[in-house]
Amino acid sequence: MKAKQTPAFDVDAFLRSAGTGKTIATYRAADVIFSQGDPSDSVLYIQEGAVKLSVLSHRGKEAVVGLLGPGDFFGERALTGHPVRLEAATAVAATTVLVIPKQQMVRLLHDQHALSDRFIAHMLARNIRIEEDLVDQLFNSSEKRLARTLLLLARYGKLEQTSRVLPRISQETLAEMIGTTRSRVNFFMNKFKKLGFIEYNGSLKVNQSLLTVILHD
């Protein structure tokens, strides 16, 4: 007799239904969700779209530190006592986020073990991604860094979440993410397109064959 499989925990459905106080906010591409220095009073969960996290230096130079998609949390430093946002969050495409007040998020994590496990897994994955980004920046060429970034945005390796079609992302944003110039990104994007690794005509589609750029030594 087959054992019954436990259904996967649906974070989105649970957060939508778990009590009052939460709000759903929608943004258009380029809308600011919060700015660096704003009060850090909530955790946000992406339902649809894409969000860019960036940090602005005292001299006004912007560095992109992350690009997140559906199923990702952000603003989680609110849970560690940071009074203000240390980064800015901007919608890259039409985006819907669930805004969860800090105190309610703390209660949910204490009371709901499945949500707590999912949140911890998210944080561990983010930390691993940061370490991998550093290694990528130190040792790989800008061509490989761009290929890896596109594959990560398409969520290759996460079978249940793979999305080959990406929201519109400017070449300037991609250049900021991988630490190169827009002209270099444009050169490699055209090269990837000619080789059939990507397709773009309004929207950007990432094909699995782009992995060959990462694997080629």
Report task. Could you walk me through whether Leu152 and Leu150 pass side-chain contact (heavy atoms from CB on, under 4.5 Å), step by step? Result -> CA-CA 5 Å; Leu152 285 169; Leu150 293 173; over 6 Å; no

Item to check | side-chain contact (heavy atoms from CB on, under 4.5 Å) evaluation trace for Thr180 with Val185 | outcome: CA-CA 7 Å; Thr180 190; Val185 168; 3.8 Å; yes

### Task
Could you walk me through whether Leu44 and Ile100 pass the side-chain contact (heavy atoms from CB on, under 4.5 Å) test, one step at a time?
CA-CA 6 Å; Leu44 300 94; Ile100 310 159; over 6 Å; no

Q.
What verdict does the side-chain contact (heavy atoms from CB on, under 4.5 Å) test give for Arg77 and Leu86, after you've listed the backbone C-alpha separation in whole Å, the side-chain angles of each residue and the deciding distance to 0.1 Å?
A. CA-CA 8 Å; Arg77 281 195 181 94; Leu86 300 183; 3.7 Å; yes

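Counting only heavy atoms from C-beta outward, the side chains of Met189 and Gln171 approach each other to under 4.5 Å. In this structure, the side chains of Thr90 and Val51 stay at 4.5 Å or more apart for every pair of heavy atoms. Between Leu153 and Val206, the closest side-chain pair of non-hydrogen atoms is not below 4.5 Å. The shortest distance between side-chain heavy atoms of Ile24 and Gln47 falls below 4.5 Å. Here the side chains of Glu76 and Arg126 are in contact, with some heavy-atom distance below 4.5 Å. Contact annotation: the side chain of Val213 approaches that of Phe192 to within less than 4.5 Å [non-hydrogen atoms, C-beta and beyond]. For the pair Leu67 and Val92, the minimum side-chain heavy-atom distance is below 4.5 Å. By the 4.5 Å heavy-atom criterion applied to side chains, Val55 and Glu62 are not counted as neighbours.
In the hydrophobic clustering of this structure, Met123 groups with Leu108; members are Ile, Leu, Val, Met, Phe, Trp, Tyr whose side-chain heavy atoms approach within less than 4.5 Å, directly or through other members. Each of Val97 and Val43 belongs to its own hydrophobic cluster when Ile, Leu, Val, Met, Phe, Trp and Tyr are linked at side-chain heavy-atom distances under 4.5 angstrom. Leu174 and Phe197 fall within the same hydrophobic cluster, defined by Ile, Leu, Val, Met, Phe, Trp and Tyr side-chain heavy atoms under 4.5 Å apart, directly or through other members. Connection of Leu151 to Ile169 is established within a shared hydrophobic cluster, with ILVMFWY side chains joined at heavy-atom distances below 4.5 Å, either directly or through further cluster members. A continuous path of hydrophobic side-chain contacts links Leu109 to Val106 [ILVMFWY only; heavy atoms under 4.5 Å].
Interatomic distance, Met105 CE to Leu98 CG, rounded to the nearest 0.5 Å: 9.5 Å. If you take NE2 on His122 and CG on Leu115, they are separated by 11.5 Å, rounding to the nearest 0.5 Å. A distance of 12.5 Å separates NZ in Lys193 from CG in Leu195, rounded to the nearest 0.5 Å. Atom CD1 of residue Ile178 and atom CD of residue Glu143 lie 10.0 Å apart, to the nearest 0.5 angstrom. Note that CZ of Phe188 and OG of Ser141 are 6.5 Å apart. Values are rounded to the nearest 0.5 Å. Put simply, CG on Leu79 and OG on Ser40 are 8.0 Å apart, with the number rounded to the nearest 0.5 Å.
One N or O on the side chain of Gln36 and one on the backbone of Leu56 form a donor-acceptor pair closer than 3.5 Å. Counting only distance, with no hydrogens or angles, the side chain of Asp38 and the backbone of Ser35 share a donor-acceptor pair below 3.5 Å. A donor-acceptor distance shorter than 3.5 angstrom exists from the side chain of Arg85 to the backbone of Gly75, with no hydrogens or angles considered. Side-chain N or O atoms of Asp117 include none that pairs as donor or acceptor with a backbone N or O of Ala114 at under 3.5 Å. With hydrogens and angles ignored, the 3.5 Å screen pairs no side-chain donor or acceptor of Thr95 with any backbone N or O of Ala91. Judged by distance alone, the side chain of Asn190 and the main-chain N or O of Asn186 form a donor-acceptor pair under 3.5 Å.
Stacking of Lys205 on the aromatic ring of Tyr200 is not recorded, the 6.0 Å distance cut-off and the 45° axial limit not both being met.
The minimum heavy-atom distance between Gly196 and Asn207, with the atom names listed, is O-ND2, 2.9 Å. Taking every heavy atom of both residues into account, Ala175 and Arg182 meet most closely at CB-N, 3.8 Å. Contact record, Pro70 with Gly49: CD-O, 3.2 Å, taken as the closest heavy-atom pair. Nearest approach of Ala147 to Leu210, heavy atoms of both residues: O-CD2, 3.7 Å.
Ring planes of Phe73 and Tyr45: tilted class, angle from 30 to 60°.
Remark: the Thr212 side chain and the Ser209 side chain contain no N/O donor-acceptor pair separated by less than 3.5 Å.
Taking a 6.0 Å sphere around CD of Gln208, one finds it holds 12 or fewer heavy atoms contributed by other residues, nucleotides or ligands.
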